[in-house]
Amino acid sequence: MSLFLYDEHSADINWLPKDGIVNYHGKLFLEEEANMFFEKLWNTIDWRNDEAIIFGKKIITKRKVAWYGDRPFRYTYSKVTKEALSWTPELLVLKNRIEIATGETFNSCLLNLYHSGDEGMAWHSDDEIDLKKNGAIGSITFGAERKFAFKHKHSGEKVEMLLEHGSLLVMKDTTQTFWLHRLPPTKRVSKPRINLTFRTIENQH
Ligand SMILES: O=C(O)CCC(=O)C(=O)O
Ligand SMILES: [Fe+2]
């Protein structure tokens, strides 16, 4: 009799046809555990309205954000600079879990709270100057399952996938150099979703 450990192998599949690596580990957390994390993060994270400067005008998005890390790293996001708060116990547990699952290390985390499918995130790359070049980004989803998409910057090739409750997605290698990604808004989802992207900031004290 052969024993198939399908999940372990599926994490090795590269979802991009070229110029980067995206691995989907599927559900890393059991349903109950994922529900607990959603609840805890909803209640304990210092959620703030995201301020962005778009066409020179300051706007406030409905989506909420938070920024945590090993040190008060500054992070410029949509032209607004924030200082990282220190880890909460749950964030440290999550960081540890994905460091084991990926073999990578992370020193910071950007969190996004989408109240419903009305809220999403437009095409972008996570290629800010202070992020480690070609470093891995570990993305955990809790709550509503949403579609996630990649688009190649030159060829326009597209890749779409579903991010499940309690799942882990890893973007690494040259993904941010050659690909954009987005969380499309959708009328089909009314439930909230929390996303955590664990990152590595370099060259800051
Ligand atoms: O919510 C997501 O799945 C993606 C968030 C994202 O791309 C980001 O925070 O840079
Ligand atoms: Fe991103």
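Atoms within a ligand are numbered from 1 in the order they appear, just like the ligands themselves. This chain uses plain numbering: 1 for the first residue, then up along the sequence.
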Query raised in the report: Side-chain contact, heavy-atom cut-off 4.5 Å: W87 with D70?
Result: yes
Report task. Taking the side chain as every heavy atom from C-beta outward, state whether E90 and T44 have any pair of such atoms under 4.5 Å apart. Result -> yes
Check ligand 1 against [X] and write out every atom of the ligand that is under 4.0 Å from a heavy-atom position of the residue.
{"X": "N112", "result": "9 (O)"}
{"X": "L110", "result": "9 (O)"}
{"X": "F148", "result": "3 (O), 4 (C)"}
{"X": "D126", "result": "10 (O)"}
{"X": "Y114", "result": "1 (O), 2 (C), 4 (C), 5 (C)"}
{"X": "T197", "result": "9 (O)"}

Query raised in the report: Which of the listed options, E119, R146, M121, R193, holds the heavy atom that is closest to atom 3 (O) of ligand 1?
Result: R193
Query raised in the report: Using heavy atoms and a threshold below 4.0 Å, how should the contact between H181 and ligand 1 be classified: side chain, backbone, both, or neither?
Result: side chain
Between [X] and [Y], a side-chain donor and acceptor under 3.5 Å:
{"X": "D19", "Y": "T177", "result": "no"}
{"X": "S125", "Y": "K153", "result": "yes"}
{"X": "Y114", "Y": "R146", "result": "no"}

Requested in this report: Indicate the atoms forming the closest heavy-atom contact of L94 with F29, along with that distance.
Outcome: CD2-CZ, 3.5 Å
Query - Heteroatom of D126 nearest to the Fe ion (ligand 2) (N, O or S, atom name) - result: OD2
Report task. Give yes or no for whether the N/O distance cutoff of 3.5 Å, strictly under, is met between R199 and ligand 1. Result -> yes
Query raised in the report: Looking at W67 versus Y75, is the centre-to-centre ring distance below 6.0 Å?
Result: yes
